[in-house]
Amino acid sequence: MQNILPKEFYEKHDTLTLSKLLLGCTLVHESPEGRTAGIIVETEGYLQGDPACHAYRKKSTRNAPMFERPGTCYVYLIYGMHYCVNISSGAKDIGEAVLIRALEPTEGIELMQKRRKTNDLKNLCSGPAKLVQAMGITLDFNFLTLDSEEFHCLASTNNDFSIVTTTRIGITQGADLPYRFYIEGNKFVSRK
DNA sequence: CATAAGATCACC
DNA sequence: GTGATCTTATGA
């Protein structure tokens, strides 16, 4: 068995630090259909006082998982048809999270290809809604904590990369904030 | 009632 | 490569 990141990992760091530390870690989902896994290569942080953050105004039915203990899963529907997955961060009762934007597929490629209905490796997990589909993540994952056998992150085994920091993608509010991070040169990042 | 942390397809 | 279009829960 490999090194499942414990809840202390998520509690120990602030949101932006965690966003960077998650790069290189492997997200794993053991589903009934099979195991899928991928290296996190792109993340974005969403903070308190940040107008782009879903928890900017107040706690609600949708964003409630963001206020849970760090390491709690937050999944939401966007554009009426896509789902994206976040990991709650910041202290409990603080509405912050890290959006997982892209993975480099490592295990369960065939299953991902079936779920995504494409064989193109670079089109499997190179976007927040793509990886959710490829990994078989659903709304039911809300409030799950990322420390179970079925759903977790594995510690990074490689720190031999540089992190690029940019502004976030697809937002209008807070568009100038440098809260997006990705592994330099990685081919599976959603876009430049 | 307008919008949204996106992906896809048609057509340059 | 670029722009139009899909679709609906959520929150103002």
With sugar-phosphate meaning primed atoms plus P, OP1 and OP2, does [X] contact a base, only sugar-phosphate, or nothing at under 4.0 Å between heavy atoms?
X        : result
A:Thr172 : sugar-phosphate
A:Arg62  : sugar-phosphate
A:Ala129 : sugar-phosphate
A:Asp50  : nothing
A:Leu99  : base

Among [options], which nucleotide has an atom closest to any side-chain atom of [X]?
X        : options              : result
A:Ile171 : B:dT8, C:dG11, B:dA5 : B:dA5
A:Met81  : B:dA7, C:dC6, B:dT8  : C:dC6
A:Arg57  : B:dG6, B:dA7, C:dG11 : C:dG11
A:His54  : B:dA5, C:dG11, B:dT8 : B:dA5
A:Lys58  : B:dT8, C:dA12, B:dA4 : C:dA12

Which dot-bracket notation, 5' to 3', represents the base pairing of DNA chain C when pairs are defined as Watson-Crick or G-U with both distances under 3.5 Å, crossing pairs as [ ], and inter-strand pairs as |?
||||||.||||.
A:Lys92 atom NZ, over 12 foreign heavy atoms within 6.0 Å
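Atom NZ in A:Lys92 is packed in, count exceeds 12.
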Could you check how far [atom1] of [X] sits from [atom2] of [N], rounded to whole Å?
X        : N     : atom1 : atom2 : answer
A:His82  : B:dA5 : NE2   : C1'   : 12 Å
A:Arg191 : C:dG3 : CZ    : C1'   : 13 Å
A:Arg168 : B:dA4 : CZ    : C1'   : 14 Å
A:Lys117 : B:dT8 : NZ    : C1'   : 14 Å
A:Ile78  : B:dT3 : CD1   : P     : 13 Å
A:Leu77  : B:dG6 : CG    : C1'   : 11 Å
A:Asn86  : B:dA4 : CG    : C1'   : 14 Å
A:Leu139 : C:dA9 : CG    : C1'   : 10 Å

Is there side-chain contact between A:Ile171 and A:Tyr46, with heavy atoms separated by less than 4.5 Å?
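Yes, at least one pair of side-chain atoms sits under 4.5 Å.
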If you define the side chain from C-beta out and look only at heavy atoms, does anything of A:Leu146 sit under 4.5 Å from A:Tyr10?
yes
Could you tell me whether the side chains of [X] and [Y] share a donor-acceptor contact shorter than 3.5 Å?
X        : Y        : answer
A:Asp147 : A:Thr145 : yes
A:Gln133 : A:Arg115 : no
A:Ser19  : A:Thr43  : no

Would you tell me if any nitrogen or oxygen in the side chain of A:Asn123 comes within less than 4.0 Å of OP1 or OP2 on B:dT8?
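Answer yes for this pair, as a side-chain N or O of A:Asn123 is under 4.0 Å from OP1 or OP2.
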B:dA7 phosphate, OP1 or OP2: any side-chain N/O from A:Arg116 under 4.0 angstrom?
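A:Arg116 to B:dA7 OP1/OP2: no side-chain N or O under 4.0 Å.
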Rounded distance (nearest 0.5 Å) linking atom CZ of A:Phe181 with atom OG1 of A:Thr17:
8.5 Å
From A:Lys20, A:Arg168, A:Arg101, residue fulfilling salt bridge (Lys or Arg N to Asp or Glu O under 4.0 Å) relative to A:Glu42:
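Exactly one candidate clears the test, A:Arg101.
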Under the criterion of centre distance below 5.5 Å and interplanar angle below 30°, is A:Tyr76 classified as stacked on the base of B:dA5?
no
